[in-house]
2 protein chains.
Amino acid sequence: MVNKNYIIRLSNYRHALNRFKTLGFIKVFSDNLADATGVTSSQVRKDFSIFGISGNKKGGYQVELLLERLNDILGKDRLQRVIIVGAGKIGKALINYKGFEKDGIKVVAAFDVNTADRVPVEIDVPVYPLEKLKNYVKKNNIEIGVIAVPDNAAQGVMDLLVESGIKGVLNFAPIRLRSDTDTIINNVDLRSELENLVYFVNATGKSKARNNDKGKKNREEQ
Amino acid sequence: MVNKNYIIRLSNYRHALNRFKTLGFIKVFSDNLADATGVTSSQVRKDFSIFGISGNKKGGYQVELLLERLNDILGKDRLQRVIIVGAGKIGKALINYKGFEKDGIKVVAAFDVNTADRVPVEIDVPVYPLEKLKNYVKKNNIEIGVIAVPDNAAQGVMDLLVESGIKGVLNFAPIRLRSDTDTIINNVDLRSELENLVYFVNATGKSKARNNDKGKKNREEQ
DNA sequence: AACATTTTGTGAATTTTATCACAAAATATT
DNA sequence: AATATTTTGTGATAAAATTCACAAAATGTT
C-alpha cells in the first residue's frame with residue numbers, strides 16, 4: 001500500500017537526482033541516492049521496485065530516465081496551482097516564496113477575511129476576500145489549498161474548501177481538521193516539531209535515543 | 001525505543017487535554033483523547049503505558065494530573081529559548097508568531113547576514129548579524145536553533161550552529177543537513193508536503209489509498 | 001572468451017509499530 | 001452487598017516497514 005512515506009522518499013530521490021544531474025551525472029546507483037537522502041540502498045531499490053522502476057544490473061540507473069519516471073509518478077508533468085487561505089505571517093511567507101515554482105507548484109491566489117492591510121507587497125499574487133473563494137476554486141479548478149489562518153478559524157476554512165470541491169489541504173493550524181469527504185489533509189505543525197526538539201534535546205545524554213525513520217538524527221523527514 | 005512519533009503523539013494528547021481542560025473536563029478517557037487526536041484508544045493507552053502514565057480503571061484519567069505528567073515528560077516546566085537564523089520570509093513569520101509562547105517556546109533572537117533591511121517590525125526580537133551568533137548561543141546557553149535560510153546557505157549555518165554548541169535544529173531548508181555530532185535535526189519541508197498532496201490528489205479515485213499513521217486522511221501528523 | 005566484479009531486484013527474515021482482546025480493577029446499579 | 005458495567009493496562013497477535021542476503025544480470029579485466 002503506497003502511503004505518504006513512499007511519496008516523500010520518491011520526492012527526495014527526485015531532488016537528489018536533480019542535484020546529480022546538475023553535477024553532470026549520467027547514471028546513479030542506489031547507494032548514491034541512499035547517501036543523498038539518508039536511507040539504505042535496499043530501501044531505494046525496494047521503493048523503485050514497488051513503483052515498477054528498474055535500472056541495469058551493474059549499470060545503475062540513467063539519471064535522465066529515472067527523473068522522467070519520478071516526475072511522471074509525482075505528477076510533475078503539469079503545473080499545480082495552489083491557493084492560500086490566510087494572508088497573515090505564514091500565508092505571506094508562502095505567497096512570497098519563489099522556491100515552489102521550480103517544482104511545478106504555483107500559488108495563484110490568496111484569500112483572507114481582511115484583504116485591506118494584508119496585501120503582500122512583493123509578488124503579484126492577488127489577495128481576495130474569503131467570500132470569493134468558493135467561486136474562484138470552482139471556476140479555476142483548484143485542487144489544493146493551504147490553510148494558514150488562526151486555530152479557531154481553521155475548521156471553518158476547511159469546511160469552505162471542502163464545499164468548494166478542493167481535493168487536498170495543507171494545514172498549518174495546530175488542530176486536527178475534520179472532513180467527512182475524502183479530502184486529503186496534510187498537517188504542518190511547527191509547534192509540535194519544536195516540542196519534539198525540546199524533548200530530544202533534554203533527553204540528550206540520558207540515552208533516550210530515537211531511531212525510527214523520522215527520528216533518526218541526520219535523517220530526512222519532511 | 002522512544003522516538004519522534006511517540007513524542008508527537010504525546011504532544012497531541014497534551015494539546016487535546018488543554019482543550020478539554022478549557023471545556024471544564026475533570027477526567028478523560030483514552031477514547032476521548034483518541035478521537036481528539038485521530039488515533040485508536042489502545043494506541044493512547046499503549047503510549048501512556050510506555051511512559052509509565054496510569055489512570056484509573058473505569059475512572060479514566062484526571063485531566064489535571066495527566067497534563068502535569070505530560071508537561072513533565074515534554075519539558076514544559078521551563079521556557080525553551082530558541083533562536084532563528086535567517087530573517088527572510090519564513091524566519092520573519094516565525095519571529096512574529098505569538099502562538100509558541102503559550103507552549104513554553106520563546107524566540108529570543110534572530111540572526112541574518114543582512115540585518116539592515118530585514119528587521120521585523122512587529123515584535124521586539126533583536127536581529128543580529130551572523131557573526132554574533134556563536135557568542136550569543138554560548139553566552140545564553142541556547143539549545144535550539146531554527147534554520148530559515150536559502151538552501152545553499154543552510155549547511156554553513158548548520159556547521160556554525162553545531163560549532164556554537166547547539167543541540168537541536170529545526171530545518172526549513174529543503175536539503176539534507178549533515179553533522180557528525182549528535183545534534184538533533186528535524187526537517188520541515190513544505191515543498192515535499194505539497195508534492196505529497198499533489199500525488200494523492202492526482203491519485204484520488206484511482207484507488208491509490210494511503211493509510212499509515214502519517215498518510216491517513218484526517219489524521220494528525222507532526 | 002573466460003573470469004572477476006559490481007549492482008540490481010526481490011523473496012525471506014527481521015524489526016518495528018499498531019491493534020486486539022481480555023483479565024483486573026474501579027465505579028455504578030439494583 | 002451482590003451484580004452489572006465500564007475502562008484501564010498489557011501480553012499476544014497482526015500488520016507494516018525495513019533490512020538482509022543472494023541469485024541473476026551487466027559490465028569490466030586479463
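Residue numbers start from 1 in every chain, and the chains themselves are labelled A, B, ... in the order their sequence lines are given, proteins ahead of strands.
- Atom C1' of nucleotide dT8(C) and atom CD1 of I50(A) are separated by 15 Å, given to the nearest angstrom.
- Salt bridge absent: E163(A) and K138(A) never bring a charged side-chain N and a carboxylate O closer than 4.0 Å.
- In this structure, CZ of R45(B) is placed 10 Å from P of dT7(D), rounded to the nearest angstrom.
- The phosphate of dT18(D) has neither OP1 nor OP2 within less than 4.0 Å of any side-chain N or O from T40(A).
- Computed from coordinates, the I53(B) CD1 to dG9(D) C1' distance equals 13 Å when rounded to whole Å.
- Atom OH of Y61(B) and atom P of dA26(C) are 14 Å apart (whole Å).
- At whole-Å resolution of the value, CD in Q43(B) and C1' in dT8(D) are 16 Å apart.
- In this structure, S41(B) reaches neither bases nor backbone, as no heavy-atom distance under 4.0 Å exists between it and the strands shown.
- Just one of F48(A), Y13(A), F29(A) meets the ring pair (Phe, Tyr, Trp, His ring centres under 6.0 Å) condition when paired with Y61(A); it is F48(A).
- In this pair, F25(B) and F20(B) present their aromatic rings tilted. The plane angle is within the 30 to 60° band.
- As a whole-Å value, the separation of F29(A) CZ from dT8(C) C1' is 11 Å.
- Partners of R14(B) by salt bridge (Lys or Arg N to Asp or Glu O under 4.0 Å), not counting sequence neighbours, listed by chain and number: E195(A), D103(B).
- Under the 3.5 Å distance criterion, the side-chain polar atoms of T22(B) are matched with a main-chain donor or acceptor of N18(B).
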Nucleotides 24-27 of chain D: which of its N/O atoms have a protein N/O under 3.5 Å away?
{"unit_1": "dA26(D)", "atom_1": "O4'", "unit_2": "K57(A)", "atom_2": "O", "d": "3.0"}
{"unit_1": "dT27(D)", "atom_1": "O2", "unit_2": "K58(A)", "atom_2": "NZ", "d": "3.4"}

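- In terms of phosphate contacts, N3(B) brings a side-chain nitrogen or oxygen within less than 4.0 Å of OP1 or OP2 of dT17(C).
- The backbone N or O of F51(A) lies less than 3.5 Å from a partner atom in the side chain of R69(A), making a donor-acceptor pair.
- As rounded to whole Å, 10 Å separates atom P of dT19(C) from atom CG of D47(B).
- Summarising the geometry, the separation between NZ on K46(A) and P on dT19(D) is reported as 11 Å, rounded to the nearest angstrom.
- Using a 4.0 Å cut-off, some side-chain N or O of S30(B) falls inside it from OP1 or OP2 of dT8(D).
- Contact check, S42(A) against dC20(D): no side-chain N or O comes under 4.0 Å of OP1 or OP2.
- Under 4.0 angstrom from either OP1 or OP2 of dG9(D) there lies no side-chain N or O belonging to S49(B).
- When all heavy atoms of A87(B) and I95(B) are compared, the pair lying nearest together is CB-CD1, 4.4 Å.
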